[in-house]
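First the structure, in the form of C-alpha coordinates, and then the observations on it.
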Amino acid sequence: LQRVVLRGGFVWRLSTAERRIALTFDDGPHPEYTPAVLDLLARLDVRATFFVVGRNVDRHPLQVERMVREGHAVGGHSYDHTVITSQTAEALADDLTRCADAIRRAGHVDSNLFRPPKGDVDLASMRRVCRLGYRLVHWTRTYSDFQQDGTMPLLARMNEQPPSAGDIVLLHDHNSHTVAALADQIPRWRAAGFGFCTL
(Lines give C-alpha, C1' and ligand atoms only; values in the text may rest on other atoms or scores of the structure.)
Protein backbone atom coordinates (compact mmCIF):
# COMPACT_ATOMS: atom_id res chain seq x y z
CA LEU A 1 0.00 0.00 0.00
CA GLN A 2 2.72 2.47 0.96
CA ARG A 3 4.94 1.82 -2.04
CA VAL A 4 2.50 1.01 -4.82
CA VAL A 5 -1.26 1.30 -4.34
CA LEU A 6 -1.43 4.57 -2.35
CA ARG A 7 2.02 5.84 -3.18
CA GLY A 8 2.63 9.17 -1.46
CA GLY A 9 -0.73 9.06 0.31
CA PHE A 10 -0.18 6.34 2.91
CA VAL A 11 2.63 5.68 5.38
CA TRP A 12 3.04 3.06 8.05
CA ARG A 13 6.85 2.80 8.30
CA LEU A 14 9.80 5.15 7.98
CA SER A 15 12.91 4.37 5.99
CA THR A 16 15.13 1.95 7.89
CA ALA A 17 18.29 3.51 6.43
CA GLU A 18 18.66 5.61 9.57
CA ARG A 19 18.09 4.50 13.17
CA ARG A 20 15.06 6.75 13.68
CA ILE A 21 11.66 6.20 15.18
CA ALA A 22 8.59 8.43 15.18
CA LEU A 23 6.66 8.80 18.42
CA THR A 24 2.99 9.55 17.72
CA PHE A 25 0.20 10.38 20.16
CA ASP A 26 -3.52 9.92 19.49
CA ASP A 27 -6.79 11.15 21.00
CA GLY A 28 -5.69 14.45 22.60
CA PRO A 29 -5.35 17.09 23.49
CA HIS A 30 -6.09 16.23 27.12
CA PRO A 31 -6.11 19.09 29.65
CA GLU A 32 -3.85 17.30 32.15
CA TYR A 33 -1.78 14.68 30.39
CA THR A 34 -0.98 16.41 27.10
CA PRO A 35 0.91 19.16 28.98
CA ALA A 36 2.73 16.44 30.94
CA VAL A 37 3.75 14.71 27.70
CA LEU A 38 4.89 18.02 26.22
CA ASP A 39 6.89 18.83 29.37
CA LEU A 40 8.61 15.43 29.16
CA LEU A 41 9.40 15.78 25.46
CA ALA A 42 10.80 19.28 26.04
CA ARG A 43 12.98 18.07 28.89
CA LEU A 44 14.34 15.20 26.77
CA ASP A 45 14.60 17.30 23.58
CA VAL A 46 12.35 14.99 21.54
CA ARG A 47 9.90 16.01 18.82
CA ALA A 48 6.79 13.94 18.16
CA THR A 49 3.61 13.93 16.09
CA PHE A 50 0.20 14.45 17.70
CA PHE A 51 -2.95 13.18 16.00
CA VAL A 52 -5.65 15.28 17.61
CA VAL A 53 -9.42 14.93 17.79
CA GLY A 54 -11.10 18.10 16.53
CA ARG A 55 -13.63 18.42 19.36
CA ASN A 56 -10.78 18.16 21.88
CA VAL A 57 -8.85 20.82 19.98
CA ASP A 58 -11.85 23.14 20.24
CA ARG A 59 -11.95 22.51 24.01
CA HIS A 60 -8.19 22.88 24.57
CA PRO A 61 -6.76 25.00 21.73
CA LEU A 62 -3.76 26.25 23.71
CA GLN A 63 -2.37 22.72 23.85
CA VAL A 64 -2.24 22.57 20.05
CA GLU A 65 -0.72 26.03 19.86
CA ARG A 66 1.99 24.80 22.25
CA MET A 67 2.63 21.65 20.19
CA VAL A 68 3.29 23.73 17.10
CA ARG A 69 5.35 26.32 18.97
CA GLU A 70 7.61 23.62 20.41
CA GLY A 71 8.30 21.99 17.06
CA HIS A 72 5.96 19.02 17.08
CA ALA A 73 3.90 17.96 14.09
CA VAL A 74 0.11 17.90 14.32
CA GLY A 75 -2.32 15.83 12.30
CA GLY A 76 -6.03 15.08 12.37
CA HIS A 77 -7.68 12.12 14.07
CA SER A 78 -11.23 13.02 12.95
CA TYR A 79 -13.48 15.60 14.56
CA ASP A 80 -15.26 13.27 16.99
CA HIS A 81 -13.40 9.94 16.71
CA THR A 82 -15.82 8.37 14.25
CA VAL A 83 -14.51 5.25 12.49
CA ILE A 84 -14.05 6.23 8.85
CA THR A 85 -15.22 2.90 7.38
CA SER A 86 -18.70 3.68 8.72
CA GLN A 87 -18.93 7.07 6.97
CA THR A 88 -20.21 8.01 3.54
CA ALA A 89 -17.80 9.86 1.28
CA GLU A 90 -19.61 13.13 2.05
CA ALA A 91 -19.58 12.58 5.82
CA LEU A 92 -15.89 11.69 5.75
CA ALA A 93 -15.01 14.81 3.78
CA ASP A 94 -16.98 16.96 6.24
CA ASP A 95 -15.35 15.26 9.23
CA LEU A 96 -11.83 15.78 7.89
CA THR A 97 -12.56 19.42 7.06
CA ARG A 98 -13.98 20.14 10.53
CA CYS A 99 -10.91 18.62 12.17
CA ALA A 100 -8.48 20.48 9.88
CA ASP A 101 -10.32 23.74 10.56
CA ALA A 102 -10.02 23.18 14.33
CA ILE A 103 -6.27 22.58 13.98
CA ARG A 104 -5.91 25.70 11.84
CA ARG A 105 -7.76 27.86 14.36
CA ALA A 106 -5.74 26.58 17.31
CA GLY A 107 -2.28 26.03 15.87
CA HIS A 108 -2.31 28.37 12.85
CA VAL A 109 -1.02 25.54 10.65
CA ASP A 110 -2.41 23.51 7.77
CA SER A 111 -1.76 19.80 8.08
CA ASN A 112 -2.49 17.04 5.60
CA LEU A 113 -1.63 14.27 8.08
CA PHE A 114 -4.50 12.05 9.15
CA ARG A 115 -4.71 8.95 11.32
CA PRO A 116 -7.95 6.96 11.25
CA PRO A 117 -9.69 6.42 14.60
CA LYS A 118 -8.94 2.96 16.01
CA GLY A 119 -6.85 2.33 12.90
CA ASP A 120 -9.94 0.96 11.17
CA VAL A 121 -9.61 1.25 7.40
CA ASP A 122 -10.56 -0.47 4.21
CA LEU A 123 -9.23 0.25 0.74
CA ALA A 124 -12.24 2.37 -0.21
CA SER A 125 -11.95 4.66 2.83
CA MET A 126 -8.20 4.94 2.43
CA ARG A 127 -8.60 6.01 -1.18
CA ARG A 128 -11.21 8.58 -0.17
CA VAL A 129 -8.85 10.10 2.40
CA CYS A 130 -6.02 10.26 -0.14
CA ARG A 131 -8.24 11.75 -2.85
CA LEU A 132 -9.11 14.54 -0.42
CA GLY A 133 -5.42 15.44 -0.27
CA TYR A 134 -4.52 13.85 3.07
CA ARG A 135 -1.66 11.54 3.90
CA LEU A 136 -3.03 8.62 5.90
CA VAL A 137 -0.66 7.51 8.67
CA HIS A 138 -0.83 4.11 10.33
CA TRP A 139 1.77 2.57 12.65
CA THR A 140 4.18 -0.34 12.97
CA ARG A 141 4.32 -0.65 16.75
CA THR A 142 1.90 -0.09 19.60
CA TYR A 143 2.04 -0.86 23.30
CA SER A 144 -1.72 -0.72 23.95
CA ASP A 145 -1.39 2.16 26.40
CA PHE A 146 -5.03 2.98 25.66
CA GLN A 147 -5.84 0.18 28.14
CA GLN A 148 -4.56 2.38 30.99
CA ASP A 149 -3.70 -0.76 32.94
CA GLY A 150 -0.78 0.71 34.88
CA THR A 151 2.79 1.86 34.35
CA MET A 152 4.44 -1.47 35.13
CA PRO A 153 2.42 -3.53 32.61
CA LEU A 154 3.08 -0.85 29.99
CA LEU A 155 6.81 -0.87 30.75
CA ALA A 156 6.81 -4.66 30.52
CA ARG A 157 5.31 -4.54 27.04
CA MET A 158 7.80 -1.85 25.96
CA ASN A 159 10.74 -3.88 27.25
CA GLU A 160 9.48 -7.10 25.66
CA GLN A 161 9.18 -5.49 22.21
CA PRO A 162 11.48 -2.49 21.93
CA PRO A 163 11.21 -0.39 18.78
CA SER A 164 13.13 -1.09 15.60
CA ALA A 165 14.59 1.35 13.09
CA GLY A 166 11.82 2.89 11.01
CA ASP A 167 9.03 2.24 13.50
CA ILE A 168 6.09 4.59 13.83
CA VAL A 169 5.07 4.10 17.45
CA LEU A 170 1.43 4.58 18.44
CA LEU A 171 0.87 6.08 21.91
CA HIS A 172 -1.86 8.13 23.62
CA ASP A 173 -1.55 11.40 25.55
CA HIS A 174 -4.54 10.81 27.80
CA ASN A 175 -3.10 9.00 30.83
CA SER A 176 -0.34 9.21 33.41
CA HIS A 177 1.00 5.70 32.70
CA THR A 178 2.23 6.68 29.24
CA VAL A 179 4.03 9.72 30.66
CA ALA A 180 5.75 7.67 33.37
CA ALA A 181 6.71 4.84 31.00
CA LEU A 182 8.16 7.20 28.40
CA ALA A 183 10.25 8.97 31.05
CA ASP A 184 11.95 5.59 31.52
CA GLN A 185 12.00 4.37 27.92
CA ILE A 186 13.01 7.40 25.85
CA PRO A 187 16.48 7.59 27.46
CA ARG A 188 16.85 3.82 26.96
CA TRP A 189 15.87 4.06 23.30
CA ARG A 190 18.24 6.96 22.79
CA ALA A 191 21.06 5.02 24.49
CA ALA A 192 20.35 2.17 22.06
CA GLY A 193 21.18 4.56 19.23
CA PHE A 194 17.73 5.72 18.13
CA GLY A 195 16.92 9.23 17.03
CA PHE A 196 13.43 10.70 17.03
CA CYS A 197 11.61 12.50 14.23
CA THR A 198 8.26 13.97 13.34
CA LEU A 199 6.17 12.87 10.37
Side-chain angles (χ1 to χ4, degrees), residues 20-82 95-96 98-119 137 139 141-159 163 167-191 194-199:
R20 298 186 308 159
I21 57 178
L23 301 183
T24 67
F25 296 88
D26 285 11
D27 293 354
H30 185 281
E32 180 179 358
Y33 299 119
T34 299
V37 169
L38 289 169
D39 289 345
L40 175 67
L41 296 177
R43 180 163 52 85
L44 298 177
D45 193 27
V46 171
R47 303 293 175 271
T49 303
F50 290 82
F51 289 97
V52 295
V53 176
R55 68 182 176 198
N56 293 339
V57 173
D58 283 339
R59 291 172 185 153
H60 311 291
L62 294 180
Q63 304 301 342
V64 176
E65 190 275 334
R66 180 182 173 189
M67 292 170 190
V68 174
R69 186 176 70 247
E70 296 184 358
H72 303 289
V74 179
H77 194 45
S78 84
Y79 187 81
D80 56 9
H81 212 261
T82 300
D95 189 349
L96 294 177
R98 290 180 71 198
C99 186
D101 287 346
I103 293 170
R104 188 179 303 110
R105 285 192 300 270
H108 311 290
V109 293
D110 289 311
S111 175
N112 73 337
L113 298 176
F114 174 75
R115 172 168 283 160
K118 300 183 180 180
V137 181
W139 61 85
R141 192 169 304 275
T142 181
Y143 297 109
S144 300
D145 62 329
F146 68 89
Q147 296 181 105
Q148 302 188 45
D149 57 351
T151 302
M152 295 313 295
L154 178 54
L155 280 170
R157 292 191 293 271
M158 289 176 163
N159 286 321
D167 270 345
I168 296 175
V169 181
L170 167 63
L171 300 159
H172 297 79
D173 54 327
H174 60 28
N175 68 83
S176 61
H177 309 305
T178 299
V179 181
L182 285 176
D184 175 86
Q185 291 294 296
I186 288 176
R188 291 176 184 268
W189 295 341
R190 181 170 271 151
F194 288 109
F196 301 91
C197 65
T198 61
L199 296 173

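On a predicted model such as this, the values are computed, not experimentally measured, just so you know.
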For residues Tyr79 and Asp101, is any side-chain donor paired with an opposing acceptor at under 3.5 Å?
no
Can you tell me how far the CG atom of Asp26 sits from the NZ atom of Lys118, to the nearest 0.5 Å?
12.5 Å
Heavy-atom closest pair, residues His72 and Val46:
CE1-O, 3.3 Å
Is it the case that the side chains of Asn56 and His30 hold a donor-acceptor pair, with the cut-off being a distance below 3.5 Å and no angle test?
no
Counting C-beta onward and ignoring hydrogens, is there a side-chain heavy-atom pair between Pro29 and Phe50 closer than 4.5 Å?
no
Taken to the nearest 0.5 Å, the spacing of Leu38 CG from Arg69 CZ works out to 9.0 Å
Gap separating the CZ atom of Arg104 from the OG atom of Ser111, nearest 0.5 angstrom:
10.0 Å
Check: Met158 and Arg141 side chains under 4.5 Å, non-hydrogen atoms:
no
Provide the closest heavy-atom pair for Arg47 versus Thr198 in the form atom of the first, atom of the second, distance.
CB-CG2, 3.6 Å
Once you round to the nearest 0.5 Å, how far does NE2 of His172 lie from CG of Leu170?
5.0 Å
Are any side-chain N or O atoms of Thr49 and backbone N or O atoms of Ala73, one a donor and one an acceptor, separated by less than 3.5 Å?
no
Between OG1 of Thr142 and CD1 of Ile168, what distance do you get to the nearest 0.5 Å?
12.5 Å
Short N-O contact, Arg20 and Asp167, less than 4.0 angstrom:
no
Mark yes or no for whether Asn159, through its side chain, and Leu155, through its backbone, hold a donor-acceptor pair below 3.5 Å.
yes
Taking side chain as C-beta onward, heavy atoms only, is Val52 less than 4.5 Å from His77?
no
Sequence neighbours left out, what pairs pass salt bridge (charged side-chain N to carboxylate O under 4.0 Å, His left out) with at least one residue falling in residues 170-191?
Asp184-Arg188
Taking all atoms of both residues into account, what is the closest heavy-atom pair of Ala181 and Thr151, and its distance?
N-CG2, 4.1 Å
Might you point out which heavy atoms bring Ala183 and Pro187 nearest each other, and give the distance in Å?
O-CD, 3.3 Å
Can you tell if the side chain of Thr178 reaches within under 4.5 Å of the side chain of Phe146, non-hydrogen atoms only?
no
Of all heavy-atom pairs linking Phe25 and Ala48, the shortest is CE1-CB, 3.7 Å
Ignoring hydrogens and geometry beyond distance, is a side-chain donor-acceptor pair present between Thr24 and Arg115 at under 3.5 Å?
yes
Return the minimal non-hydrogen interatomic distance between Val57 and Ala106, and the atom names on each side.
CG1-CB, 3.6 Å
So do the side chains of Val68 and His108 get within less than 4.5 Å of each other, counting heavy atoms only?
no
A side-chain contact here means heavy atoms from C-beta on lying under 4.5 Å apart; do Glu70 and Arg66 qualify?
yes
Carefully, step by step, assess Asp145 and His177 under the rule side-chain hydrogen bond (donor to acceptor under 3.5 Å, both in side chains).
CA-CA 8 Å; Asp145 62 329; His177 309 305; over 6 Å; no
Given salt bridge (Lys or Arg N to Asp or Glu O under 4.0 Å), test Arg105 with Asp58 step by step and report yes or no.
CA-CA 9 Å; Arg105 285 192 300 270; Asp58 283 339; 2.9 Å; yes
Validation row: Phe114, Phe51 side chains within 4.5 angstrom (heavy atoms)
no
Distance in Å, Ile21 CD1 paired with Leu23 CG, rounded so as to fall on 0.5 Å steps
5.0 Å
Report the C-alpha separation of His174 and Tyr33 in whole Å, then their side-chain angles, then the decisive distance to 0.1 Å, and conclude whether the ring-ring contact (aromatic ring centres under 6.0 Å, His included) test is met.
CA-CA 5 Å; His174 60 28; Tyr33 299 119; 8.3 Å; no
Quick one: does Val53's side chain get under 4.5 Å of Cys99's, heavy atoms only?
no
